[in-house]
Each structure stands twice: as structure tokens, then as C-alpha cells.
Amino acid sequence: MSLRTLPLLFLNLGGEMLYILDQRLRAQNIPADKARKVLNDIISTMFNRKFMEELFKPQELYSKKALRTVYDRLAHASIMRLNQASMDKLYDLMTMAFKYQILLCPRPKDVLLITFNHLDAIKGFIQDSPAILHQVEETFRQLTEIYGALSAGEFQLIRQTLLIFFQDLHIRVSIFLKDRVQNSNGRFVLPVSGPVPWGTEVPGLIRMFNDKGKEVKKIEFKHGGHYVTAPKEGSFELYGDRVLKLGTNMYSMNRPVETHMSGASRNLASRTQESIAPNPLAKEELNFLARLMGGMEIKKPSGPEPGFRLNLFTTDEEEEQAALTRPEELSYEVLNIQATQDQQRNKELARIMGEFEVMDQPRQSASKGDDLLAMMDEL
Amino acid sequence: MFRRERSIPLRCSAAALCNNLSVLQVPSRNLTHFGVVHGPSAQLLSAAPEGAPLAQRQLHAKEGAGVSPPLITQVHWCVLPFRVLLVLTSHRGIQMYESDGSVMVYWHALDSGDVSPVQAVFARGIASSGHFICVGTWSGRVLVFDIPAKGPNIVLSEELAGHQTSVTDIATEPAQGQDCMADMVTADDSGLLCVWRSGPEFKLMTQIPGFGVPCPSVQLWHGTVAAGYGDGQVRLYEASTGTLHVQISAHARAICALDLAPELLSAAEDTFVHIWKLSRSPKSGHTEVEHCHAECVPDTQVCGVRFCDPSGSSFAVTGYDLAEILRFSSV
């Protein structure tokens, strides 16, 4: 498929991740300076020049597993920690949000506007840090340089590549269900009203011409929707009115971010295939990860800065329960770095992942989970 | 006018590609074959008239160098004078099978020698013309394969140059007698249409310029080219001259599939399928179009549509993320 998809996928998913973390940091009453530090650290890591260089190289999309590993790392780029269940939920929300945005994207080219919406919001998070702001604007310029020249056909291929990546994902998200943008079966609502994409005519007209090119007959027909003309085109400049709302922050202080697992579903057959079968491409993916994360300069927490744990659920018990009840086929198995025979690569990756403590962290929930199970047995 | 019939379940959902449904009618055995691309695999199945699925098979793109399993772009049955072949195009090359998908009779690897690392390499657009099968490629080249009456001795006989951007779709029709010049039309990502006359050597007859939007789907019938565009427009042209006859603001999103015989069927990402009646005005001789029917497939980005019988009284629809083939028939 398109070899230009990864930067768009990464930046938009990263943007959604920041929206969610920002909301949870405020909901959990984390002190403002700590919250700001977390977001600054993550954004700074995301937009690191070396990292962006690797990201923007033309390449195929890697598996969901490989990509998930990158976000695990990114989420832990600061003093914040997330348990497995919270990380799973975070990733669910990120992916469903971007899937929604791609699906509803009016023109394939508008995926760039969605990306710019995310970048605009990210700039808002780091207003007081000119150095990071500069990094974000640099990425903006790179996006414009590379994607500004692509044709409609190439954008269509990018969109198709992204939709194939998100195929068969139907996790129900509470905020989407409440806003009626998602049905109870997990599928998104595709409205048949509203403005048509910029450059498209409102359907309903048949025009007939003679051999000289002169219009000889014009009739209208009922097309079934309720469309209106697009008011104006979104801006692709560094600053401007994007017009499109997709990609802007839909979370606010009072909107909890819940997901419901849609449970066993026929459509998950293909995804189960992916996680169970031994991955012959593991080595390639590990090379990719090593290169990509080698560019991530994670700042080690200096001094006695105490870390804290962020919970994506409203209570610790809910988080434990979620970990226990997550359907097998929806588990994101984080890439097993022991899988490769390549000792050199293994050592290098292990070095890079050196600060990445979460994978080795004893699961506190495990012991509590045991208690819960014991309790349930007694019922 | 049309009612929904029983759907045919699929093992896997359909991918968000264009022209993602191929139908082969086998009236002698009272069967219909369906082909749908899922991603790295394609599903073939046969169904009885009421829609009960009878047999199914999955085909995969041939592996090659690369990070992820290669993706299939299209699957299509080609009806030739003495045989029917199933053609599968992917990001690696072109695979041809016996019509039930049981045996691969030919493999053509795409040459990606001098390609810049930015360019995606793939084959897309499949049609048969006489004893030739024509397949489009990412570069704009159209490969013409000479198919023997039986056996695997398939030969690449010609490479047609006419397009500068990736081919999206190809349509053909049997030559309408001696004075018919055009029997093949190819379309690309820039919206350019090339009209050809088939033969031992294919000849480019006319070019119909695009207008900045891709043309993902094209059909040819009785000398009329029907083209669906990325901005939701459907246009009808005279094949031999390239003259525009009809322009329809048909859909609110990109068109993904067309079928023509004798009515025109159009489907787009806006969830709608429309049926149009084509006729020729007795007074002026001009092509006229009338809208017959609109079908909304709720919350579904349609990706494929085909008539299921020669009279056009029934059609089938596929949609992104949908693990079933929807069927409609007229009442």
C-alpha cells in the first residue's frame, strides 16, 4: 500500500493519546505542574528530530503490535506510569478515535487537515516551551513539504491503507455512543446530510449535452440525502481555520473516557490470526522499532522527582476488573524482544528499552486479582 | 422497487478498495460466484439463487520480499472465448487461476527495478478482451496477456503506454461489428481515460482528459463510456470521439464502483447505490439518463457493486468492514 502512511498514523494517534492523557490528568487531580511536565516530556519525545527523521522515511506500515510498543514507550517518557489495563484502554480509545476520523474524512486530502488539527492542539499544550514549539512547527513544515504535493489519487491510497489497518476494529466507546456517532454494534454512523466535501457538487442534477458540447437538457433527481454546499475550504497553512472539526479535542473535564469491549465477534477471526501465528516478520519489525525508538531521547527523571500512576478508569477496582475481563482476541501482545535470534539487535534493543520499566514491573493487580478470583470462587 | 434479499455471509470483511466485488454468473449450473478482497486474502464463494452459500475458498497474494504480507488490490473473473480465468492483482504481481480458484495457472511478478523508494508498486484494473487479459499497473502501463484456449502457456504480449499515473480500472466490451472502433477503456488516478481498439496490437483511439480527480471506476457498453469520479460525479462519453454526453452529480463522496448492463449502477462512499436508466432520444439521438432508484446502505462505506443477472433485476453490494454480501432484487 502507500509508503507515506506512517507519519500520519503516528501523529494522529499520538494527538489522540495526548487529549486522553490531558483529560485523565485533570480528572485525577494531578497537580498542574506535574501534568504539564508529563505532556511536555511526551510531546518533546514525539517530535524529537531524529525520531521524526526515521518516521518520515518512506516505508510500509508495520503491525499493530509494533506500533503499540512505540506508544507504550511514549506514554512512559515521563514520570507517569500506566498499568497494562489502562494502557490497553488508552490504545483502544486512540485507535477508535482515529478510525472514526478517517472514515468520516470528506476528501482523502482532508486527512492532512485532521493531522493539522491535532498539531494545533499539541501546540496549545506546550505554549510555554518555545523549544518544543519549534520542533512541532518543524514537523508541520515537513508535513506540508511532503504531503502538500501529493495528488488526490495518492491521498486516496493513503486513506485506503489506513482503513485496512483499522479494519475489523469495533470497540464501543462511551463518548461516541452518547454522541450517537457510534452504533451499539460498534459501527460508526455515516451521516447522509451536511456539507459535501470541498470540490464536490451537491448530488441531484443530471445534465445532458449535444455533440457540440452545448447543454440541451437538465433534470433533477432525488438522491436520498440532505446535503448542502461546503462553506469554505480548510486552511493548509501553518496557522489557519481548518474548518473541519475532525481531529479536534472531543474530551473535556466532565466526559469520562470509557470503553466497552465488544466481546467475541466473527469479524475478529482475522485479528486472532495475527496475534496467535508466529510472526515471521518479527525481525524486520524489531529493526524498525530499534531504529525508531533509537531516535527517541527519553529524559531520565532527574533528582527525587516522584513518579505517579495514571488510571484510565474511574477506580482502581475498575482497572483490575478490566484487566481480568479483557477478551483474549483483543489483547495487544506487546512485541516480545526475546523472539529474535539476532543477539546484536537484541542487545541494542534491550539497551534502548533499558529505561522502559513497565514490562518488567510486577503486576500489582495480579495479587489483587487473585484475591478477587478467590472471592468469586466463594460465592 | 427493490427489496433486500438474504445476505451472503463472508468469512472476512471487505477491504476499503474500489471495485471490490466481482460476480460470475453460471446460469447452466444455477449458480453465482462472488469474489471479495479482504486485504492480504481474497474470498471466493458460490451461492444458489436464493443466496444460500454453497462453497467458499480463500486465496492469498503470493509472498515476496517486504515487511508485511502483500495486499491484494482486486479480484476479477475474466470470461474468454474458451475459458474463464480468475485474476488476482496485488502489490507483488498478477496471479491467474482456473475459475474456481483451485489451480494457479500463471504468475507475473511486477518489475520494481528503477522505482523510487517512495512509490507504491502494485497491479490494479483487470478486464478481458477477446483472448487477451489486460491488467493495469501503478506506473500507468497496461499489461496485455495472450491467453491460450487451455493450459498455462500465457504470454505477456504487449505493454500499453497511455497513462502517466496509476491505473484504477479497465472496462471492455465485445467489438460491436466492423465499424466499431473502440472496445476497451482504461482509467487512472488523474481521471484520464484512454479508449483503445483491441487486436494483435492494441491501438489508442482517443484520450478523454481528467479534471484533477481520480476516476476509480469505468464501464463500457454499446459505445458509451461510463466513468465514476472521486468527486462523486458520473460522466457518460461517446467512446469513439470522447464527447461528453451526460454529467451527473450523482454522489456526495468518491464513487467506488460501477456496473452497466443495461442499466447503470453506481455506488459510492456516501452509503448510496443508485440505478440509472440509459436511453437514446428518438428525436435527437442524444444519450439520455433518468434516475430509477436510490438505495441507502446505512452506515456503510460501499466498496463494490455488481448486477447479478443479465437483465439487471438484481444486484449485490459489499461495504468496508462488512462481513456479508448484501443482495437486492426488484419487485
Side-chain angles (χ1 to χ4, degrees), chain A residues 1-4 57-63 103 106-108 151-154 156-157 159-161 163-164 166-170 183 187-190 192 196-197 199-211 213 216-217 219 221-225 227 266-267 269-270 281 284-285 288, chain B residues 9 11-13 15-17 38-39 41 66-69 71 91 117-120 122 165-166 168 188-190 212-214 216 230-233 238 241 243-254 270-272 274 284 286-291 294-296 298-301 320-321 323:
Chain A
M1 294 312 266
S2 172
L3 303 175
R4 286 261 183 239
K57 286 184 181 157
Q59 55 199 309
E60 286 179 24
L61 277 189
Y62 288 77
S63 68
L103 208 46
R107 300 173 299 178
S151 67
E154 282 165 303
Q156 173 70 313
L157 193 65
R159 183 169 182 272
Q160 287 177 344
T161 308
L163 286 176
I164 288 178
F166 290 122
Q167 207 166 324
D168 301 324
L169 270 173
H170 301 296
N183 294 320
R187 285 153 197 280
F188 290 116
V189 172
L190 299 183
V192 295
V196 287
T200 295
E201 285 179 17
V202 174
L205 200 59
I206 306 173
R207 299 163 63 195
M208 290 164 265
F209 304 86
N210 67 11
D211 291 335
V216 294
K217 195 167 171 188
I219 55 176
F221 70 93
K222 278 187 84 62
H223 55 83
Y227 296 104
R266 272 194 312 276
N267 292 342
S270 54
L281 305 163
E284 274 296 327
E285 287 188 328
F288 153 72
Chain B
R11 282 260 178 95
C12 311
S13 57
L17 299 165
H38 165 68
S41 66
V67 172
S68 36
L71 294 173
H91 282 254
V118 170
Q119 181 65 50
F122 55 86
T165 60
S166 306
T168 48
D188 74 19
D189 262 348
S190 71
V213 209
D231 64 353
Q233 284 209 7
E238 174 81 47
T241 59
T243 317
L244 174 67
H245 282 321
V246 183
Q247 188 174 328
I248 316 173
S249 307
H251 290 274
R253 291 284 190 280
D270 64 357
T271 78
F272 280 94
H274 288 300
S284 55
H286 297 141
T287 310
E288 298 207 332
V289 170
E290 186 194 314
H291 181 250
E295 192 69 50
C296 174
D299 304 327
T300 303
Q301 184 182 287
Y320 167 64
D321 255 355

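Labels below follow one simple rule: chain letters A, B, ... track the order of the sequence lines, proteins then strands, and each chain is numbered from 1.
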Tell me which of these, [options], has more heavy-atom pairs under 4.5 Å with chain B than the rest.
options: Val216(A), Ile219(A), Asn183(A), Leu205(A); answer: Leu205(A)
options: Pro108(A), Gly199(A), Pro106(A); answer: Pro106(A)
options: Gly213(A), Gly204(A), Gly225(A), Pro203(A); answer: Pro203(A)

What is the distance from atom [atom1] of [X] to atom [atom2] of [Y], rounded to the nearest 0.5 Å?
X: Gln247(B); Y: Glu201(A); atom1: CD; atom2: CD; answer: 6.5 Å
X: Ile248(B); Y: Met208(A); atom1: CD1; atom2: CE; answer: 8.5 Å
X: Leu17(B); Y: Thr161(A); atom1: CG; atom2: OG1; answer: 9.0 Å

**Request:** Go through Ser13(B) and Asp168(A) one step at a time and tell me if the side-chain hydrogen bond (donor to acceptor under 3.5 Å, both in side chains) criterion holds.
**Result:** CA-CA 7 Å; Ser13(B) 57; Asp168(A) 301 324; 2.5 Å; yes
Under 4.5 Å from any heavy atom of chain B, what part of [X] do you find: side chain, backbone, both or neither?
X: Leu157(A); result: side chain
X: Arg159(A); result: side chain
X: Ser2(A); result: backbone
X: Arg4(A); result: side chain

Search all heavy atoms of [X] against all heavy atoms of [Y] and return the closest pair with its distance.
X: Pro117(B); Y: Leu3(A); value: O-CD1, 3.0 Å
X: Val192(A); Y: Thr271(B); value: CG1-OG1, 3.5 Å
X: Lys222(A); Y: His291(B); value: O-CE1, 3.4 Å
X: Tyr227(A); Y: Ala252(B); value: CZ-CB, 3.4 Å
X: Ala152(A); Y: Gly212(B); value: CB-O, 4.2 Å
X: Arg187(A); Y: Asp321(B); value: NH1-O, 3.0 Å

**Asked** Is a side-chain N or O of Gln167(A) found less than 3.5 angstrom from the main chain of His38(B), in a donor-acceptor match?
**Response** yes
**Request:** For the pair Tyr320(B) (side chain) and Leu163(A) (backbone), establish whether a donor and an acceptor sit closer than 3.5 Å, ignoring hydrogens and angles.
**Result:** yes
Given that the side chain runs from C-beta out, which part of [X] has a heavy atom under 4.5 Å from chain A: side chain, backbone, both or neither?
X: Ser166(B); value: neither
X: His245(B); value: both
X: Ala16(B); value: both
X: Thr168(B); value: neither
X: Leu71(B); value: side chain
X: Thr300(B); value: backbone
X: Gln233(B); value: side chain

**Choice from Ser249(B), Ala120(B), Cys296(B) maximising heavy atom contacts with chain A below 4.5 Å** = Ser249(B)
**Asked** Which of the residues Thr243(B), Val118(B), Asp231(B) is involved in the greatest number of heavy-atom pairs with chain A at under 4.5 angstrom?
**Response** Val118(B)
**Message:** Just so I know, are the side chains of Gln156(A) and Asp189(B) near enough to count as touching, which here means a heavy-atom distance under 4.5 Å?
**Reply:** no
